[in-house]
Amino acid sequence: MDDFHRDTWAEIDLDAIHDNVANLRRFLPDGTRVMAVVKANAYGHGDAQVAETALEAGASYLAVAFLDEALALRKKGVNAPILVLGASRPMDVALAARHRIALTVFRADWLEQASSVYTGPDPVYLHLKMDTGMGRLGVKDGEETKRIMTLINRHPRFILEGAYTHFATADELNTDYLSYQYSRFLHMLEWLPARPPLVHCANSAAALRFPDRAFNMVRFGISMYGLAPSTDIKPLLPYELKEAFSLHSRLVHVKKLQPGEKVSYGATYTAKAEEWIGTIPIGYADGWLRRLQHFHVLVNGQKVPIVGRICMDQCMIRLPEPLPIGTKVTLIGHQGDETISIDDVARHLGTINYEVPCTISYRVPRIFFRNKRIMELRNAVCHG
Ligand SMILES: *Cc1c(COP(=O)(O)O)cnc(C)c1O
């Protein structure tokens, strides 16, 4: 168990993650598998802990963006199949194969290079990415797809395990472009001699809205963490999602300011009367960004304002009364009847909820709760 010596931490409610996955499995048609998307340290929640919880709740596959993220999971003892959704290097095929990490393929020239360097004994599991309109990664024409299939079939160790695409607008109310991409995918699948064992297209938004169009696997990211894929479709969600991430700190200094006294860089905040100002040890280097200056936090179940500029490691809040050092401050989560959700923070920042937990940096230790108890204290950085 790792230790930390800092009065700022994130709590990760693995029970919430478990329930979000278990509820999805109940909601999906029988036989639809769940691939838990744990890229970017599980959207800032902690990759191995989230992966293990999702697998326990019935997910059967994991996905990350880069090979290094998959290798980090293997190093932490996660043995489930993992797909790398992003581009990998042809020379790294051997490394992926040795660790049973499936790679995404979308270029014939990549496969030519991979075929010429890979002579290992392990099977290389490949998922063919089709670009149906996202314009990011994926094959776009039948000729390239045929060349890819020929190269896969020619190599004794290459196995086409899956085919997939990614939607650009599954979280929007208007479904025209989504329908277009879906029919394009059906059409492109006809370019293959046969459907591979796994066919997947749905992210969280598509899985929760159109479970019957998910082929046999969904890629479940944002809603596994209890967050709606967009504010537009939040009211349409078929069951309640449970938010897993909360963020907390403690008062490390409290002082009385006289009218006219200033707070923080630029001296932009001036006390209007006698005011009690508290300091908390979290700042923009922790991902508590400077643009949160006029936002608020929770203390003793009440909203209190952040005053003055947010510093790299600290920020100041205006207290209703002198409070003891060590008083808990909640930046994301509940206190009493009040809540600050990730969506509230995202709205203040003018961004989407996805960005908020991803931005809370490695410097903030994550504390994991499972079966309502503390399971593990661990810094976000991997200590092996
Ligand atoms: C990140 C990602 C997902 C997960 O999307 P959510 O909206 O978080 O569910 C699925 N597929 C691909 C290709 C991704 O990159």
Side-chain angles (χ1 to χ4, degrees), residues 17 20-21 23-25 27-28 32-45 47 50-51 54 59-70 73 81-88 102-106 126-139 161-172 177-178 181-182 185 198-211 213-234 236-239 241-245 342-343 346 351-359:
I17 287 173
N20 292 331
V21 173
N23 286 335
L24 176 71
R25 286 206 71 223
F27 171 71
L28 291 173
T32 313
R33 299 173 196 224
V34 175
M35 173 183 265
V37 182
V38 294
K39 62 193 178 189
N41 193 30
Y43 295 39
H45 291 63
D47 58 359
V50 169
S60 54
Y61 220 115
L62 303 170
V64 293
F66 303 113
L67 179 58
D68 289 325
E69 295 179 317
L73 283 168
I82 307 176
L83 172 64
V84 176
L85 298 167
S88 306
L103 298 178
T104 292
V105 59
F106 49 90
L126 299 167
H127 287 225
L128 176 65
K129 181 82 185 276
M130 295 176 146
D131 183 1
T132 55
M134 175 71 183
R136 196 167 63 177
L137 298 179
V139 286
E161 185 186 46
Y164 74 107
T165 193
H166 192 49
F167 295 133
T169 63
D171 61 345
E172 291 179 13
Y177 196 68
L178 179 67
Q181 281 198 270
Y182 185 77
F185 188 45
L198 299 173
V199 177
H200 45 111
C201 62
N203 54 5
S204 297
L208 292 170
R209 295 174 78 192
F210 307 104
R213 295 189 169 198
F215 296 89
N216 59 11
M217 189 160 75
V218 302
R219 302 187 303 272
F220 199 44
I222 194 72
S223 297
M224 172 167 63
Y225 306 99
L227 301 173
S230 71
T231 46
D232 277 358
I233 67 158
K234 203 170 178 175
L236 306 182
L237 296 178
Y239 55 86
L241 298 171
K242 301 181 182 177
E243 240 176 273
F245 189 97
I342 287 183
D343 285 347
T351 186
I352 56 171
N353 54 17
Y354 291 70
E355 216 176 39
V356 175
C358 287
T359 303

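Ligands are counted one by one from 1 in listed order, and the atoms in each one are counted from 1 as well. Keep in mind that what you see is a predicted model, and the values were worked out from it rather than measured.
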Next on the checklist: Are any of the N/O atoms on Lys129, whether in the backbone or the side chain, positioned under 3.5 angstrom from an N/O atom of ligand 1?
Outcome noted: no
Item to check | Protein contact of atom 11 (N) of ligand 1 - nearest heavy atom, named by residue and atom, plus distance | outcome: Arg219 NE, 2.8 Å
Checklist entry - Should Asn41 and Asp47 be marked as a side chain to side chain contact (heavy atoms under 4.5 Å, CB included) after you check the CA-CA gap, both sets of side-chain angles, and the distance that decides it? => result CA-CA 4 Å; Asn41 193 30; Asp47 58 359; 3.7 Å; yes
Checklist entry - Is there a nitrogen or oxygen of Gly221 sitting under 3.5 Å from a nitrogen or oxygen of ligand 1? => result yes
Item to check | Sub-4.5 Å side-chain heavy-atom contact between His166 and Asn203 | outcome: yes
Checklist entry - Mind checking whether Phe215 and Tyr182 have parallel, tilted or perpendicular rings, split at 30° and 60°? => result tilted
Next on the checklist: Could you identify the single nearest non-hydrogen protein atom to atom 2 (C) of ligand 1 and state the distance to 0.1 Å?
Outcome noted: Lys39 NZ, 2.5 Å
Next on the checklist: Looking only at protein heavy atoms, which one is nearest to atom 7 (O) of ligand 1, and what is the separation?
Outcome noted: Tyr354 OH, 2.6 Å
Checklist entry - Of all the non-hydrogen atoms in the protein, which one sits nearest to atom 9 (O) of ligand 1, and at what distance? => result Ser204 OG, 2.5 Å
Next on the checklist: If you measure every N or O of Ile222 against every N or O of ligand 1, does any of those distances drop under 3.5 Å?
Outcome noted: yes
Item to check | Closest non-hydrogen atom pair, Met35 against Met217 | outcome: CE-CE, 3.4 Å
Next on the checklist: Once you measure the plane-to-plane angle for His45 and Phe245, does it fall in the parallel (<30°), tilted (30-60°) or perpendicular (>60°) bin?
Outcome noted: perpendicular
Checklist outcome for this item: atom 4 (C) of ligand 1 sits nearest the protein heavy atom Tyr43 OH, 3.4 Å
Checklist entry - Are any non-hydrogen side-chain atoms of Pro229 and Leu237 less than 4.5 angstrom apart? => result yes
Checklist outcome for this item: Within 4.0 Å of some non-hydrogen atom of Asn203, the atoms of ligand 1 are 5 (O), 7 (O), 9 (O)
Checklist entry - Heavy-atom contacts under 4.0 Å between Arg136 and ligand 1: side chain, backbone, both, or neither? => result side chain
Next on the checklist: Less than 3.5 Å apart, any donor N or O on the side chain of Arg33 or His200 sitting next to an acceptor on the other?
Outcome noted: no
